[in-house]
Every structure is written in C-alpha cells, then in structure tokens.
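Since the structure comes first, as structure tokens, the remarks are kept for the end.
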Amino acid sequence: MYPELSTLLDYKNNNVLNRYSKDYPDNRLDAEKAFRELMKFIWLNLKHKSDKKSAPDNKELDFIIGIHHEMKEIDDMWHTFLLFTKDYADFCEKYIGKYFHHSPNNNTEEITKSEFEIDFTRFLSYVYDNLQQETLEIWFHSLINKIDEKH
C-alpha cells in the first residue's frame, strides 16, 4: 500500500528547503513548490506500482514514470533531499515503509518514436487523471510553452 497524497504533502524539511534555495536560486519553482511537486511525483510512483499490481493486464498502465527533462527542477529537489541522507532514509521508512531509490534510466534499449509517444501519452494521462491539469502544467511548463508558441 502507499500513503495518502495529503500525508506526503504535509511532510516538511526546512534543511532541504534552505539548501535548495541556496543551490538553485534561479529555478522557476521555489523550494516549497519544488518540494511539493517531488512529493507528488513520489506518490504517483507508488500509486502506479500499486495500480499495476492490482490490474496487471491493464495496458494503459504499461508506461514508465520517470523524471523527464522538463521536470529538471523536481529532480534538483530530489537530489537536494538525497544530500540529507538520514532525513531522506527516515522519510522513506516512516512514509513509504522502505527506501525509495532515485535510479536514473539506464535502459540501453532504444525505443522507437512511436513507442515513446505511446509511453509518454499514457504517462501524461495518468498524471492528469491522478494529479489534475495543474500538475501537468507545473511539470511540463516548458513543453506547454513550446506547443503554445507553435499555435
């Protein structure tokens, strides 16, 4: 099972927020927003894992939840949180029940553009269905701006 989103959103760590503010003063997301989005990302990962376990034949759940380059500031926050190893390990144990690893995608298999589009579309739909449009707009701000500029 996984924690309620509100439970993760209630977690605060001033050391992490202060360090992020110091290290990333020019990021679009301030420390509190970046931390909130990280908590949402972690929750979404846990929910996705649970949903896949509950419905293994649901093809709409066949996608990877990962940090896309448009989500760099959320990744910056995750890296900042990881610097505080004891706090991060304690958070994982208390809220998740086990260590939640930050693992880069080392997939050496190339996927086709079509496979990526299917995977990414499913991911975006899942974000929208579970965290609504506002989260999509925050996570993919730069991508949305590029699309708007073309139209």
Side-chain angles (χ1 to χ4, degrees), residues 1-107 111 116 118-148:
M1 205 57 198
Y2 56 96
E4 294 289 327
L5 176 59
S6 60
T7 302
L8 293 185
L9 294 178
D10 285 343
Y11 175 80
K12 300 290 182 248
N13 187 308
N14 288 327
N15 290 328
V16 174
L17 297 178
N18 292 335
R19 178 65 184 255
Y20 177 92
S21 295
K22 180 179 165 242
D23 290 352
Y24 302 101
D26 297 328
N27 274 5
R28 183 179 57 86
L29 295 178
D30 67 31
E32 288 189 20
K33 287 180 185 169
F35 199 77
R36 177 179 176 81
E37 297 311 312
L38 174 60
M39 293 297 111
K40 288 162 54 175
F41 177 77
I42 290 171
W43 177 84
L44 195 71
N45 267 275
L46 298 170
K47 181 177 187 332
H48 181 248
K49 216 173 264 190
S50 176
D51 288 350
K52 281 187 71 131
K53 191 174 186 178
S54 298
D57 297 329
N58 183 346
K59 295 294 181 204
E60 292 304 308
L61 295 172
D62 286 345
F63 61 88
I64 296 168
I65 292 188
I67 298 272
H68 294 265
H69 71 275
E70 295 89 358
M71 301 165 67
K72 180 193 176 306
E73 294 181 10
I74 298 166
D75 198 38
D76 291 343
M77 177 52 82
W78 200 351
H79 289 204
T80 303
F81 197 2
L82 288 166
L83 292 174
F84 296 87
T85 56
K86 181 172 180 352
D87 290 348
Y88 184 73
D90 289 348
F91 162 81
C92 290
E93 184 62 36
K94 179 177 180 179
Y95 292 92
I96 301 170
K98 63 180 182 176
Y99 193 84
F100 186 75
H101 290 276
H102 180 294
S103 302
N105 181 3
N106 289 335
N107 191 351
I111 64 170
F116 173 79
I118 291 167
D119 187 86
F120 191 58
T121 299
R122 288 177 179 164
F123 172 60
L124 293 177
S125 294
Y126 194 75
V127 173
Y128 181 85
D129 290 345
N130 290 282
L131 295 170
Q132 278 58 68
Q133 182 172 336
E134 177 187 5
T135 300
L136 273 178
E137 291 173 358
I138 293 168
W139 290 8
F140 296 97
H141 174 79
S142 61
L143 182 61
I144 292 168
N145 282 347
K146 286 179 189 176
I147 292 168
D148 286 345

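Positions are given from 1 along the sequence.
In plain terms, the two heavy atoms of Val16 and Thr80 that are nearest each other are O-CG2, 3.6 Å. Contact between Lys33 and Asp30 at its shortest, heavy atoms only, is N-OD1, 2.9 Å. Residues Asp129 and Gln132 come closest through the heavy atom pair O-NE2, 3.6 Å. For the pair Gly66 and Met71, the tightest heavy-atom approach, listed with the atom from each and the gap, is O-SD, 3.8 Å. The minimum heavy-atom distance between His68 and Phe120, with the atom names listed, is CE1-CD1, 3.5 Å.
Side-chain N or O atoms of Thr7 include none that pairs as donor or acceptor with a backbone N or O of Pro3 at under 3.5 Å.
Between Phe123 and Phe140, the angle of the ring planes goes over 60°, which puts this pair in the perpendicular group of the 30/60° scheme.
Distance check, rounded to the nearest 0.5 Å: CZ of Phe81 to CG of Asn15 gives 10.5 Å. In this structure, Tyr20 OH and Asn27 CG are separated by 3.5 Å, a value rounded to the nearest 0.5 Å. Note that NZ of Lys47 and CG of Leu131 are 9.5 Å apart. Values are rounded to the nearest 0.5 Å. For the atom pair CZ (Arg36) and CG (Leu5), the distance works out to 7.0 Å, reported to the nearest 0.5 Å. Taken from CD in Glu37 to CD1 in Ile74, the straight-line distance is 5.5 Å, to the nearest 0.5 Å. Distance check: Phe35 CZ to Asn13 CG gives 5.5 Å after rounding to the nearest 0.5 Å.
Using modelled atom types, one finds a donor on one side chain and an acceptor on the other under 3.5 Å when comparing His102 with Asp75.
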request  = For side-chain contact (heavy atoms from CB on, under 4.5 Å), just list the numbers for Arg19 and Phe84, CA-CA rounded to whole Å, side-chain angles, deciding distance to a tenth of an Å, and then say yes or no.
outcome  = CA-CA 10 Å; Arg19 178 65 184 255; Phe84 296 87; 3.8 Å; yes
ask   = Checking side-chain contact (heavy atoms from CB on, under 4.5 Å) for the pair Trp43/Leu9: CA distance, chi angles, key distance, verdict?
value = CA-CA 9 Å; Trp43 177 84; Leu9 294 178; over 6 Å; no
Show the atom names and distances, to 0.1 Å, of all donor-acceptor pairs under 3.5 Å that link a side chain in residues 93-101 to residues at least two apart or in another chain.
none

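Side-chain contact between Trp139 and Lys40: present, with at least one pair of heavy atoms (C-beta onward) separated by less than 4.5 Å. Using a 4.5 Å cut-off on side-chain heavy atoms (C-beta onward), Met77 and Leu17 make contact.
Within the structure, every pair that satisfies the side chain to side chain donor-acceptor pair (under 3.5 Å) test and touches residues 118-128, not counting sequence neighbours, is listed here: Asp51-Tyr126.
Heavy atoms from other residues, nucleotides or ligands lying under 6.0 Å from NZ of Lys12 number more than 12.
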